[in-house]
Amino acid sequence: MQKEVFSKQLDLLALLHDVSNAFEGVSLIVNQIIDGAYGQSLEEIRPFLIALREANKRGVGLIESRRVYEEVGVVNVTQFDVLVFLEKKYSQFKPIAQYHSLNLYYQTQASYKHGTQVRGDSISIDRMLSNIITNAIKYTLRGDIFVRLLNQDDDLIIEIEDTGCGIAAEQLSNIFIPFWRAPQSRLSDKPGRGMGLYIAWMVASAHGLSMRVDSIAEQGTKFTIIFPYKDDGIYGVDGRMLPKSPKQVGSRSSEVGSFEFKKV
């Protein structure tokens, strides 16, 4: 019973974390528009108004999905094009990266071996990607952030790479533990709750995805999210969500929902 209560509290804290991040992004973009940082004409600020709308929709969608889940107890699994999905994420985070004087790039292939259709909970996948991109922006003082959609043999992969502070080899196994923050992060002026990567791990685990983390301290980090090939050509879940498995945090195996940590 105590574990169940703790799990519910953790889920609620994770939701509050992501809703807060979404609306912090809204405030940042609004303030930049007011200050004229993106231009003065409607045509100049239109892309940022669209990003503002999407960020607001994301915050509202998170709250609504929680309400529906509490009432019905079912996760909404849909099929969507992750190529288009990532393009929207890029548009949403580009003005935030620009605010921090960073370059954000979205890189794709000319074609994909088995297409780019994914089956899953789009709101949860949005949470996974948003948290990793948010961390990349937060811990990159200067340089570039890359979001890529690629094929790796038959698998579909998403890469999020930054030129930030990196993660020390001895700390890599801790990064998915809830509330954990690297010592240098706690001493810096970067706000954080130690929940973002835990949420990303939970989403990946529930969808049967694998994640690899390559990092070099003071040079940068790359997250690789692997959607294993399915015979029907649709990546993601097979019509149902896998149960949560918190005990797998920090696992180094190659099984579904686990993670591989590398110092390159």
Side-chain angles (χ1 to χ4, degrees), residues 1-30 51-78 80 82 85-86 88-89 92-93 96 118-139 158 160 174-182 185-186 190-209 211 223 225 236-237 240-250 257 259:
M1 181 63 181
Q2 191 174 9
K3 287 183 179 180
E4 183 179 346
V5 171
F6 177 72
S7 179
K8 288 183 177 180
Q9 290 176 336
L10 202 55
D11 284 349
L12 180 58
L13 287 171
L15 176 68
L16 292 174
H17 170 276
D18 285 358
V19 171
S20 175
N21 276 351
F23 288 121
E24 281 175 13
V26 168
S27 296
L28 185 150
I29 296 170
V30 168
L52 179 62
R53 180 186 65 190
E54 293 302 314
N56 186 71
K57 282 171 60 178
R58 177 172 175 261
V60 173
L62 286 168
I63 297 169
E64 180 64 14
S65 66
R66 172 75 180 206
R67 183 187 68 79
V68 171
Y69 181 78
E70 290 291 337
E71 290 179 358
V72 183
V74 176
V75 175
N76 186 27
V77 174
T78 59
F80 58 95
V82 75
F85 187 87
L86 278 174
K88 290 183 178 179
K89 297 308 301 172
Q92 179 187 331
F93 278 96
I96 298 174
V118 168
R119 186 187 295 115
D121 175 17
S122 62
I123 292 177
S124 292
I125 290 178
D126 181 280
R127 293 178 71 180
M128 172 179 67
L129 298 174
S130 293
N131 275 300
I132 297 175
I133 296 172
T134 295
N135 269 23
I137 292 173
K138 183 186 296 184
Y139 296 109
I158 295 173
I160 300 171
N174 297 323
I175 64 175
F176 297 110
I177 298 174
F179 310 118
W180 185 87
R181 298 187 70 205
S185 298
R186 295 196 296 269
K190 301 292 184 182
R193 306 168 186 87
M195 291 292 288
L197 293 181
Y198 164 74
I199 294 166
W201 169 79
M202 291 293 283
V203 173
S205 178
H207 282 79
L209 310 179
M211 187 180 292
F223 285 82
I225 303 157
V237 299
R240 66 185 181 87
M241 297 294 289
L242 297 175
K244 298 175 183 177
S245 307
K247 64 184 179 181
Q248 293 180 7
V249 170
F259 300 86

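Scope of the values below: all heavy atoms of this structure, side chains included, with no hydrogens, waters or symmetry mates.
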Checklist entry - Can you name the nearest heavy-atom pair linking A22 to A55, along with the distance? => result CB-O, 4.1 Å
Checklist outcome for this item: Closest non-hydrogen atoms of I123 and G61, given as atom of the first, atom of the second and distance, are CD1-O, 3.9 Å
Checklist entry - Rounded to the nearest 0.5 Å, what separation is found between the OH atom of Y139 and the OG1 atom of T134? => result 11.0 Å
Item to check | Criterion side chain to side chain contact (heavy atoms under 4.5 Å, CB included) on H17 and N21, from CA distance to verdict | outcome: CA-CA 6 Å; H17 170 276; N21 276 351; 3.2 Å; yes
Next on the checklist: Distance check, rounded to the nearest 0.5 Å: I158 atom CD1 versus I125 atom CD1?
Outcome noted: 7.5 Å
Item to check | Those residues that, when tested against F80, pass ring pair (Phe, Tyr, Trp, His ring centres under 6.0 Å) (two or more places apart) | outcome: F85
Next on the checklist: Could you tell me if the side chain of V118 sits less than 4.5 Å from the side chain of H207, heavy atoms only?
Outcome noted: no
Checklist entry - Run the side chain to side chain contact (heavy atoms under 4.5 Å, CB included) check on V203 and N131 step by step: do they pass? => result CA-CA 11 Å; V203 173; N131 275 300; over 6 Å; no
Checklist entry - Between CD1 of I160 and CE of M128, what distance do you get to the nearest 0.5 Å? => result 7.5 Å
Next on the checklist: Between M211 and I132, is there a side-chain heavy-atom distance shorter than 4.5 Å?
Outcome noted: yes
Checklist outcome for this item: R58 meets the side chain to side chain donor-acceptor pair (under 3.5 Å) criterion, sequence neighbours left out, with D126, S130
Checklist entry - Would a 4.5 Å heavy-atom cut-off, applied to side chains only, mark N56 and R53 as touching? => result no
Checklist entry - If every non-hydrogen atom of G59 is compared with every non-hydrogen atom of V19, which pair is closest and at what distance? => result O-CG2, 4.3 Å
Checklist outcome for this item: CG (N135) and CZ (F223) are apart, to the nearest 0.5 Å, by 7.0 Å
Checklist outcome for this item: What one should report as the nearest heavy-atom pair of G25 and I96 is CA-CD1, 4.0 Å
